[in-house]
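As a basis for the values below, the full set of heavy atoms in this structure was taken, side chains included, without hydrogen atoms, waters or symmetry mates.
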Number of protein chains: 2
Amino acid sequence: MSRNYAGLSRERIIVEALHIIAGRGLGGLSMRRLGDALDVEAMAIYHHFPKGKEQLFNAIAAYVTTARVVSGLTEGQGPPGDGDGEGEEATGAHPVAVAGADDLPWDRRLTLWAEAYRERLLAYSGALSLLMHRAPHTVGEEDTRALLHAAFTEAGLSEDDVPRACDTLNAYCLGSVAHQVRHEGREDAVDAAEALAGFRFGLRALLTGLSG
Amino acid sequence: MSRNYAGLSRERIIVEALHIIAGRGLGGLSMRRLGDALDVEAMAIYHHFPKGKEQLFNAIAAYVTTARVVSGLTEGQGPPGDGDGEGEEATGAHPVAVAGADDLPWDRRLTLWAEAYRERLLAYSGALSLLMHRAPHTVGEEDTRALLHAAFTEAGLSEDDVPRACDTLNAYCLGSVAHQVRHEGREDAVDAAEALAGFRFGLRALLTGLSG
DNA sequence: ACCTGAACACCGTTCAAGT
DNA sequence: ACCTGAACACCGTTCAAGT
C-alpha cells in the first residue's frame, strides 16, 4: 500500500515526539507509536534519523534547549540538527527573550534570561531527563555564553570567576525546574505561582551573592 | 533446572542494578540482564518488586537519595523501600555526613551537607535522570528538612523564606551535578577539581545571598 | 515463600524492495 | 529521495508450575 508519501521532516518528527512525551512520558515514546502519530511506517523515521532513537533523543534535547516561545505558542527555530557531535549542529538562538535589552543593568538582563530559560525547560518538562546526559551543541549556545559572560563581567567578577558564575546560573535554572517537576504530585508540592516566587527568590539571592 | 535458590533481596537487586547502570547506562538495564547478573531468572525479580520495573526505578531513586558514604565505600542503609507511595518507605538517613556537627555555624553546616549530597549524586550519576521525575519519600528526608530548616532559621530568614531557601539549595545541588554530568565528554568540560571548585564558588555565593 | 519456564505483546533496528 | 513490509533479536510482564 503506497499510503503516505510526503510531509515527513526532522522538525515534524521532533514536534510530534514532544507531543507524545508530553502526553505519555518519555517511556511512552516508541518509534512505532511515533510513526503512527505521523501517519507513516515507523521505519520511515530512520530516513531522517539514520542512527535511530539515540539520534532522535539528541535532536530533541537540542530542540528543547533551542526552542522559543512566540505569543503563547511554543515553536522551534529552523531545522534543528541532531546534535550528536558528528558534524551537524542545531539552529536557533538560545536566549531570544532578552533580545533588545542590552541597555538594562546586568542583573536585570540575567534575570530576564533565567526566567525565559526556566519557562522553556518547564514547557518541555517531560523531556527533562533527556537533558541530564546530553548537552548537544546549538548555535544559540554561543549567544547565551556571550550574554552571560558580558553580564557577569559587568558585575565585576574576575576572569576566573565569570565562567563559574555562568555554570552556577545554568545549574540553578536546570536544578530548579528539576526540583519542581520532581515534587509534582507529592503532597508537599507547591503550586505554579509559589514555584515561580521560589525560583525568583533563589535567583535574586544567587545574583546578589555572585556580585558580592 | 533448580539452579539458584537463595540470596535474592531488594538491596542486592538494587545494588546490582546500580552496577549495570554505572557500566552500561540506564538504558542498558533490563530485567533479563539484571537477572543474569544476579544469577537468577529475570522473573524472580518480580517476587521482590511485584509491580515491576517502575517500582524498581522508584526503589533505586530512594536508594540513591538515601545511601551514605562510609570511609570511601558507598553503601546503602538498611532495606530500602520501593518509594512508590503505596504504603512502604525507604530506610536510611539522608544527611549522615553532617552528624555530630551541630555546634558549627549555620553556613558551615549547610556547606557540609551540600558537599556530601553532591558527592552522593555524583557517585550515582548514571541514575540521575531517575531523580528527574521521582522524589520518593525516605525516612532520612525528614532529618534533612530539619537540618536545613534549622540552619536557615538561624541565618535569620523569615518563616516564608526558609522553605524557599531549602528548595533553592536542593535545586542548586541537583542542578550542579546535572550540569556537570551533562557536559561530560564535551570539549568544554572541566575536570573534577575545577568542577568541585565551581560548585563551592556557587554554593558560597548562594549562601551569602540567602543570608543577606 | 521463592524461583522457573513458556508464552504474549511489544520494542529498536536491518535489509531488501517498492515508487 | 523517500517510504514500506517482513524479519530478527530483544524487551517487560503474566501465569501456571515447580520446590
Can you give the dot-bracket line for DNA chain C, using ( ) for pairs inside the strand, [ ] for pairs that cross earlier ones, | for pairs with another strand and . for unpaired bases, where Watson-Crick and G-U count if both distances are under 3.5 Å? ||.|||||...|||||.||

In whole Å, I'd like the distance from the CG atom of D36(A) to the C1' atom of dC3(D). 15 Å

Can you tell me how far the OH atom of Y172(A) sits from the CG atom of L210(A), to the nearest 0.5 Å? 12.0 Å

To the nearest angstrom, the CG-P distance between L38(A) and dC3(D) comes to 10 Å

Side-chain contact check for Y46(B): nearest option of dT4(C), dT13(D), dT4(D) is dT13(D)

Using 0.5 Å steps for rounding, measure from the CG atom of L174(A) to the CE atom of M132(B). 5.0 Å

Given the rule in the side-chain contact (heavy atoms from CB on, under 4.5 Å) test, do L169(B) and W113(B) qualify, once you have shown the distances and angles that lead to the verdict? CA-CA 10 Å; L169(B) 183 56; W113(B) 174 83; 3.7 Å; yes

Integer-rounded Å distance: dC11(D) C1' and I45(B) CD1: 13 Å

Closest heavy-atom pair and its distance - L207(A), T111(A): CD1-OG1, 3.6 Å

With a 4.0 Å cut-off, would you call E115(B) and R118(B) a salt bridge? no

Any idea which of dT13(D), dT13(C), dT4(C) is nearest the V40(B) side chain? dT4(C)

I need the CD-P distance between E41(A) and dA17(C), as an integer number of Å. 18 Å

Would you mind checking if D167(B) and R164(B) are paired as a salt bridge, meaning a charged N to carboxylate O distance below 4.0 Å? no

Between dC3(C) and H48(B), is there an OP1 or OP2 to side-chain N/O distance shorter than 4.0 Å? yes

Taking every non-hydrogen atom, the tightest pair across L206(B) and G202(A): CD1-O, 4.2 Å

Contacts to DNA chain D from residues 22-33 of chain A, heavy-atom cutoff under 4.0 Å, which residues? R32(A)

Correct closest heavy-atom pair for E194(A) and D191(A) would be N-OD1, 2.8 Å

I60(A) versus A17(A), closest heavy-atom pair with distance: CD1-CB, 3.9 Å

Hey, which sits more toward the 5' end of DNA chain D by its nearest nucleotide, H47(A) or M43(A)? H47(A)

